[in-house]
2 protein chains.
Amino acid sequence: MDRTGSNGSRKPTLEDVARAAGVSRSLVSIIVRGAPGASEASRTRVMAIARDLGYLPDVRARLLAGTSPKLIGVTYKTNSLHHADLLSSIYETAEGAGYEVILSGRTRRHDDRHAVNALLGYRCDALLIISPEVPEAELQQLSASLPILSLGRRMVHATTNVDVVRTDEAAGIRMAIDHLVALGHRRVAHVDGGGGVIGTDRRRAYRDCMTRHGLRDQVSIVTGGDNADAGRRAARRLLDGPEPPTAIIAYNDECAWGVMRALEDAGLSVPRDVSVVGYDGSPVARMAPHELTTVHQDTDGLGRLSVERLIARLEHGLPIGDVVLVPTFVPGETTGPAPAGA
Amino acid sequence: MDRTGSNGSRKPTLEDVARAAGVSRSLVSIIVRGAPGASEASRTRVMAIARDLGYLPDVRARLLAGTSPKLIGVTYKTNSLHHADLLSSIYETAEGAGYEVILSGRTRRHDDRHAVNALLGYRCDALLIISPEVPEAELQQLSASLPILSLGRRMVHATTNVDVVRTDEAAGIRMAIDHLVALGHRRVAHVDGGGGVIGTDRRRAYRDCMTRHGLRDQVSIVTGGDNADAGRRAARRLLDGPEPPTAIIAYNDECAWGVMRALEDAGLSVPRDVSVVGYDGSPVARMAPHELTTVHQDTDGLGRLSVERLIARLEHGLPIGDVVLVPTFVPGETTGPAPAGA
DNA sequence: CTGTTAGCGCATTCAG
DNA sequence: CTGAATGCGCTAACAG
């Protein structure tokens with residue numbers, strides 16, 4: 001047996017199937033792709049032969065030869081559970097519509113730009129960029145060559161040609177604050193997500209909503225990030241302050257984790273001493289010793305809509321623009337009444 | 001401005017560059033791919049023109065026309081942080097060697113088989129399957145058509161043609177048990193990973209090692225899984241038993257999370273009442289309120305070696321076989337001395 | 001319904 | 001170094 005290199009048995013091609021079935025290549029092509037123009041009889045016969053031969057269409061050739069859009073490129077952060085969650089519905093919707101999706105993960109050494117370039121190399125018909133970290137100007141520039149959809153991140157400039165499907169961040173933050181205020185909290189702090197657009201939106205929403213509740217002088221913001229370490233460091237700074245908060249809204253679930261860890265370090269109990277709210281509603285929210293109270297994004301809806309709209313745009317030129325979904329607030333075990341003394 | 005469909009500006013091809021540079025297509029081909037056979041002068045000049053035109057090689061065409069292996073397909077669980085971690089070194093190593101890597105994620109609705117088929121459709125030269133859930137027989141069968149490397153999961157049958165790069169599970173579990181026993185623990189339980197090969201190996205190692213420590217009658221195993229929910233349920237069952245353990249070794253870090261949550265539910269303190277050990281050493285290990293004590297797999301080494309060996313096999317027919325890396329034990333804050341009363 | 005003919009963009013070969 | 005030719009496997013249009 002060949003134990004080292006690849007072996008010789010060439011993969012069967014369309015031609016092989018055609019020959020074995022005694023028909024033309026075109027007919028086989030029509031049949032395997034389910035296109036109209038073949039009798040039921042030939043269809044079942046040829047399909048059977050194709051299966052016997054172990055025929056599998058060559059995606060590269062199909063993509064190269066095809067004229068109609070069929071390939072959607074997706075970039076995402078491999079270490080984000082929220083992003084991973086989105087892939088499920090993206091795959092499902094795309095495959096259901098007969099589209100190929102090709103993934104390009106962003107990792108430590110493979111950044112946003114690398115990922116986008118890899119996708120461009122495959123001549124994708126459209127790009128689905130999950131929470132891009134690329135400057136908006138570059139997205140704008142890219143959108144001159146192909147449809148670009150930013151999933152999760154809003155575009156700042158109104159003239160943009162980049163489409164967006166996202167969550168109403170202000171609504172999410174508002175739900176969180178309303179919930180906390182109803183529980184009697186006043187010193188509600190925010191561990192933010194840094195300078196990105198999403199982080200900025202959530203931070204602004206926090207500030208606005210606090211103000212609306214007459215808690216303007218209680219506004220307390222500290223720079224965090226999208227991971228536990230950042231959340232931990234940020235919370236520590238918060239606790240070192242003169243008037244520690246009785247509730248903390250974190251940028252996302254991972255960040256909330258770090259916050260909880262800092263509280264633990266300080267000997268504080270959640271939610272007795274301090275309440276914590278996350279954001280995303282990713283599986284990680286259910287990993288805490290206590291179920292995390294969180295703002296749950298409609299991940300299925302976000303993924304599905306992104307792909308549906310992108311396809312509608314590709315095939316019928318339908319505009320997308322800025323699609324906004326409303327999140328759901330999910331009370332967990334990490335929020336409770338404000339401590340009496342506060 | 002075109003705000004809906006794709007626009008007309010065709011992507012530049014090799015031919016476009018050649019024309020603009022006033023040279024032949026072949027020369028441009030040689031230059032853009034860094035092949036020998038062009039003068040330094042032409043090289044810099046043509047490259048400059050290519051850049052100006054925004055030329056990007058068409059991966060599909062390149063793959064279709066090429067004769068030498070250049071594409072490695074990777075399948076992994078999108079919601080596993082340990083898998084995500086591996087991608088970093090995989091990307092890096094592959095790109096460094098001039099290989100394309102194409103990802104196919106496994107999600108709720110896109111299982112192992114879907115993922116493999118998608119990869120096969122791209123005519124990958126080799127498959128890198130991270131902790132496959134596909135039956136070994138199918139992998140075996142696949143390996144007849146192209147090199148298959150199973151990352152993380154050992155093959156059971158000796159005659160297998162499937163290559164493996166993995167961690168020494170027995171060593172990892174042993175380190176964990178030695179650590180706990182040294183801390184005075186005797187009632188060390190195991191929340192396992194279910195019926196998979198990895199789960200089985202860790203479970204067996206647990207049993208063997210306990211026996212070697214003379215703790216055979218303390219062996220206590222309960223079925224868990226690779227996620228927090230499974231870990232939580234399992235730990236709950238453990239605590240309901242007649243003699244609850246003073247230490248628990250979980251299948252992996254996520255599972256350990258669930259275990260910690262069950263302990264919290266039961267009003268037990270970690271590590272004062274019960275010690276907990278995870279496995280993988282993924283970023284999730286650092287998300288706990290306490291840093292998780294865990295068996296850290298050499299993810300960088302696993303990823304790098306997998307790709308290096310796969311390429312060596314493709315290009316020089318070098319055999320791979322079964323490569324085993326030794327994990328590192330990372331003491332965290334979730335393990336401590338056994339409670340006095342136990 | 002069938003078979004033929006053209007490409008898709010590139011790598012590769014081979015004679016200049 | 002060039003330029004032309006061939007083919008990778010497939011889709012799409014066309015004439016039978």
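Not measured: the values here are computed from a predicted model. Numbers restart at 1 for each chain; the letters A, B, ... are given by sequence-line order, proteins then strands.
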inquiry  = Please confirm whether the shortest side-chain N or O distance from A/T67 to OP1 or OP2 of D/dT11 is below 4.0 Å.
reply    = no
Interatomic distance, B/R19 CZ vs C/dG9 C1' [rounded to whole Å] = 13 Å
inquiry  = Please classify the nucleic acid contact of B/A38 as base, sugar-phosphate, or nothing, using heavy-atom distances under 4.0 Å.
reply    = sugar-phosphate
query = Just how far, in rounded Å, is C1' of D/dG3 from CD of B/E15?
reply = 11 Å
query = What residues, two or more places apart in sequence or in another chain, satisfy side-chain contact (heavy atoms from CB on, under 4.5 Å) together with A/R166?
reply = A/R154, A/V164, A/D322, A/V324
request  = Return the set of residues passing side chain to side chain donor-acceptor pair (under 3.5 Å) with B/S26 (not counting sequence neighbours), or none when no residue passes.
outcome  = none
request  = Kindly indicate whether the side chain of B/R106, heavy atoms from C-beta on, has any atom under 4.5 Å from the side chain of B/H114.
outcome  = no
inquiry  = Using whole Å, what does the distance between atom P of nucleotide D/dG16 and atom CG of A/L27 come to?
reply    = 19 Å
Could you write out each protein N or O paired with an N or O of nucleotides 5-9 of chain D at a distance under 3.5 Å?
residue, atom, partner, partner atom, Å
D/dC8, O2, B/L64, O, 3.3
D/dC8, O2, B/A65, N, 3.4

key: Qualifying residue for salt bridge (Lys or Arg N to Asp or Glu O under 4.0 Å) with B/D163, from B/R153, B/R309, B/R313   = B/R313
query = Over how many whole Å does the gap from A/L120 atom CG to C/dG9 atom P extend?
reply = 15 Å
Salt-bridge criterion met for B/R108 and A/D300 (N-O under 4.0 Å) = yes
key: Presence of B/S29 side-chain N/O under 4.0 Å of C/dC10 phosphate oxygens OP1/OP2   = no
task = Find the distance B/D16:CG to C/dC8:P and express it as a whole number of Å.
result = 11 Å
query = In whole angstrom, what separates A/K70's NZ from D/dT11's P?
reply = 11 Å
inquiry  = Restricting to non-hydrogen atoms, name the atom on B/S131 and the atom on B/H83 that form the minimum distance, rounded to 0.1 Å.
reply    = OG-NE2, 3.4 Å
request  = Check the distance between C/dG9's P and B/I30's CD1 and give it to me in whole angstrom.
outcome  = 21 Å
